[in-house]
Amino acid sequence: MTDMEQFREEVSQMSFEVAIKALEDLVQELEAGGTDLDRSLEIYERAVVLRQHCKAILDDGQRRIQKIIETADGPVTEDFGSD
């Protein structure tokens with residue numbers, strides 16, 4: 001198993017809060033500067049994995065909320081778009 005495959009496996013087990021914190025830590029490391037190109041690319045690749053995981057959790061939450069609304073009030077669709 002490669003390092004990235006292992007990282008993906010670890011991320012798949014993370015809660016939203018843990019994944020967001022890990023993503024914030026990576027962003028801070030990039031913003032601090034002084035990283036070489038290889039490390040910067042590794043950070044970026046890991047950040048993409050974390051972002052996808054967080055988005056999947058949020059999308060699932062949105063689907064669950066919509067299902068609760070439909071179950072409670074009959075077929076109603078709420079717009080969860082950003083304001």
Which pair of non-hydrogen atoms, one from [X] and one from [Y], has the smallest distance, and what is that distance?
X: Leu50; Y: Leu23; answer: CD1-N, 3.7 Å
X: Arg8; Y: Gln52; answer: NH1-OE1, 4.4 Å
X: Met14; Y: Ile57; answer: O-CD1, 4.1 Å
X: Leu26; Y: Ala47; answer: CD1-N, 3.7 Å

Determine whether Val27 and Tyr44 fall in the same hydrophobic cluster, where Ile, Leu, Val, Met, Phe, Trp and Tyr are linked whenever their side-chain heavy atoms lie under 4.5 Å apart. no
For Lys55, all residues meeting salt bridge (charged side-chain N to carboxylate O under 4.0 Å, His left out), sequence neighbours excluded: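 Residues passing salt bridge (charged side-chain N to carboxylate O under 4.0 Å, His left out) with Lys55: Asp59.
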State the [atom1]-[atom2] distance between [X] and [Y], to the nearest 0.5 angstrom.
X: Thr71; Y: Arg64; atom1: OG1; atom2: CZ; answer: 12.0 Å
X: Ile43; Y: Glu29; atom1: CD1; atom2: CD; answer: 3.5 Å
X: Glu31; Y: Gln28; atom1: CD; atom2: CD; answer: 7.0 Å
X: Leu30; Y: Ser40; atom1: CG; atom2: OG; answer: 5.5 Å

Is the count of non-hydrogen atoms from other residues, nucleotides or ligands lying under 6.0 Å from Asp36 atom CG greater than 12? yes
Begin with the C-alpha distance, continue with both residues' side-chain angles, and end with the deciding distance and a verdict on salt bridge (charged side-chain N to carboxylate O under 4.0 Å, His left out) for Glu42 and Arg39. CA-CA 5 Å; Glu42 179 184 349; Arg39 176 64 182 148; 3.2 Å; yes
Is there a side-chain contact between Asp60 and Phe16 in this structure, where contact means two heavy atoms from C-beta onward sitting under 4.5 Å apart? no
Scan residues 13-23 for pairs that pass side chain to side chain donor-acceptor pair (under 3.5 Å), counting only residues two or more places apart or in two chains. Lys21-Asp25
